[in-house]
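In listed order, ligands and their atoms are each counted from 1. This chain uses plain numbering: 1 for the first residue, then up along the sequence. These numbers were taken from a predicted model, which means no experiment stands behind them.
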Amino acid sequence: MKINSAEFVKSSAELKECPAPTKNEFAFIGRSNVGKSSLINMLMQRKDLAKTSGRPGKTQLINHFEINEDWYLVDLPGYGYAKTSKKNRAIFQEMITNYIKKRDNLINTFVLIDCRHDPQKIDLEFMEWCGIEGIPFSIVFTKIDKLGSSSLMKQIAQYKKKLLLQWEALPPVFMTSAEGKSGREEVLRYIDEVNKSITTEMYRKL
Ligand code: GTP
Ligand code: MG
């Protein structure tokens, strides 16, 4: 898919502030610092479209971007960000789960996992929750430039094995590096395919 335009639309603190649900929407979620905002910039070939930071907890709102005047891409705050107050964490949690559960036009949620880490409870639990709620998701292993190819393959094979203890089949799996600009075509091709198969009339029936 060719990216002709990528525009920031707005940041919302809750579902009801989000843009009208009239276009297919793809969200990026995962632990703080996993590389959500960096991946969005890499996909869109823009340096600062989504704000990134070496310090976890940079993204704090639901950020909508409109791509090719045709679909929305959403940068979400990280889950499991420890260095904030308990109350703040609960507010984030509520905002994210409410958005994911109720957003009619949300077609797919990309769950980002740092390829260097062994399966973490918080990610496995989040994916399990998606399964229970019937939320379609895909997995994106990020920062693959940080591992050599044999450890990367080993790490991903182990991760898949762990998932298969919980799931009958695996969702689509992507491997990316914002640093090395890899995995861009694969993710965009997937979004393009999904966009071609889902129209606005289908939203409420998904
Ligand atoms: P929050 O908004 O805090 O939830 O974080 P985020 O998931 O949006 O992460 P962000 O994109 O801000 O990146 C966090 C840090 O990881 C930054 O220092 C990035 O430069 C770094 N980073 C992101 N992607 C990659 C990657 O593919 N390779 C490497 N080496 N570093 C990366
Ligand atoms: Mg971010």
Looking only at N/O atoms, are [X] and ligand 1 under 3.5 Å apart anywhere?
X	answer
Ile144	no
Asp75	no
Ser53	yes
Leu76	no
Lys51	no
Thr142	no
Thr52	no

Taking only heavy atoms of [X] into account, list the atoms of ligand 1 that are under 4.0 Å away from them.
X	value
Gly78	4 (O)
Ser32	1 (P), 3 (O), 4 (O)
Gly54	18 (O)
Gly35	6 (P), 7 (O), 9 (O), 10 (P), 11 (O), 13 (O), 23 (C)
Ser177	27 (O)
Ser37	8 (O), 11 (O)
Asp145	26 (C), 27 (O), 28 (N), 29 (C), 30 (N)

Would you please say whether a donor-acceptor pair under 3.5 Å links the side chains of [X] and [Y]?
X	Y	answer
Glu25	His64	yes
Thr199	Glu201	yes
Arg103	Asn105	yes
Tyr159	Asp118	no

Kindly check if the number of other-residue, nucleotide or ligand heavy atoms within 6.0 Å of [atom1] ([X]) is above 12?
X	atom1	answer
Lys162	NZ	no
Gln93	CD	no
Glu69	CD	no

Please walk me through it: do Tyr79 and Phe126 pass ring pair (Phe, Tyr, Trp, His ring centres under 6.0 Å)? CA-CA 9 Å; Tyr79 50 64; Phe126 178 74; 5.1 Å; yes

Using a 4.0 Å heavy-atom cut-off, which part of Met42 comes near ligand 1: side chain, backbone, both, or neither?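 Met42 to ligand 1: no contact under 4.0 Å from either part.
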
Determine whether the side chain, the backbone, both or neither of Asn33 has a heavy atom under 4.0 Å from any heavy atom of ligand 1.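 Looking at Asn33 and ligand 1, atoms from backbone and side chain both fall under 4.0 Å.
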
Would Leu61 and Phe26 show up in the same hydrophobic cluster when neighbours are defined by side-chain heavy atoms closer than 4.5 Å?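 Per the 4.5 Å side-chain linkage, Leu61 and Phe26 are not co-clustered.
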
Considering all heavy atoms, the nearest Leu112-Lys36 contact: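 Distance-wise, the nearest heavy atoms are CD2-CA, 3.5 Å.
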
List the atom of Leu124, the atom of Gln166, and the distance in Å for their closest heavy-atom pair.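 The answer is O-NE2, 3.7 Å.
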
Distance to 0.1 Å, residue and atom name: give those for the protein heavy atom nearest to [atom].
atom	answer
atom 3 (O) of ligand 1	Gly57 N, 2.7 Å
atom 2 (O) of ligand 1	Thr59 OG1, 2.7 Å
atom 7 (O) of ligand 1	Lys36 NZ, 2.8 Å
atom 25 (C) of ligand 1	Lys143 CG, 3.6 Å

Determine whether Asp114 and Thr142 satisfy the following criterion, side chain to side chain donor-acceptor pair (under 3.5 Å), listing intermediate values before the conclusion. CA-CA 5 Å; Asp114 188 321; Thr142 61; 5.0 Å; no

The Mg ion (ligand 2): which protein N, O or S atoms are under 2.8 Å away?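 Listed by chain and number, the nearby protein N, O or S atoms are Ser37 OG, Thr59 OG1.
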
Side-chain donor/acceptor of Glu17 to backbone N/O of Ala13, under 3.5 Å: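 Checking the backbone N and O of Ala13 against the side chain of Glu17, a donor-acceptor pair under 3.5 Å is found.
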
Rounded to the nearest 0.5 Å, what's the gap from CZ on Phe65 to CG on Asn41? Could you check?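 If I round to the nearest 0.5 Å, the distance is 7.5 Å.
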
Euclidean distance, Met42 CE relative to Ile40 CD1, rounded to 0.5 Å: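 If I round to the nearest 0.5 Å, the distance is 11.0 Å.
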
Looking at the rings of Phe174 and Phe141, which for Trp means the six-membered one, are their centres under 6.0 Å apart?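 For Phe174 and Phe141, the ring centres are not under 6.0 Å apart.
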
Pick, from Pro77, Ala50, Ser38, Ala178, the option with the minimum heavy-atom distance to atom 10 (P) of ligand 1.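 Closest candidate by heavy-atom distance is Ser38.
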
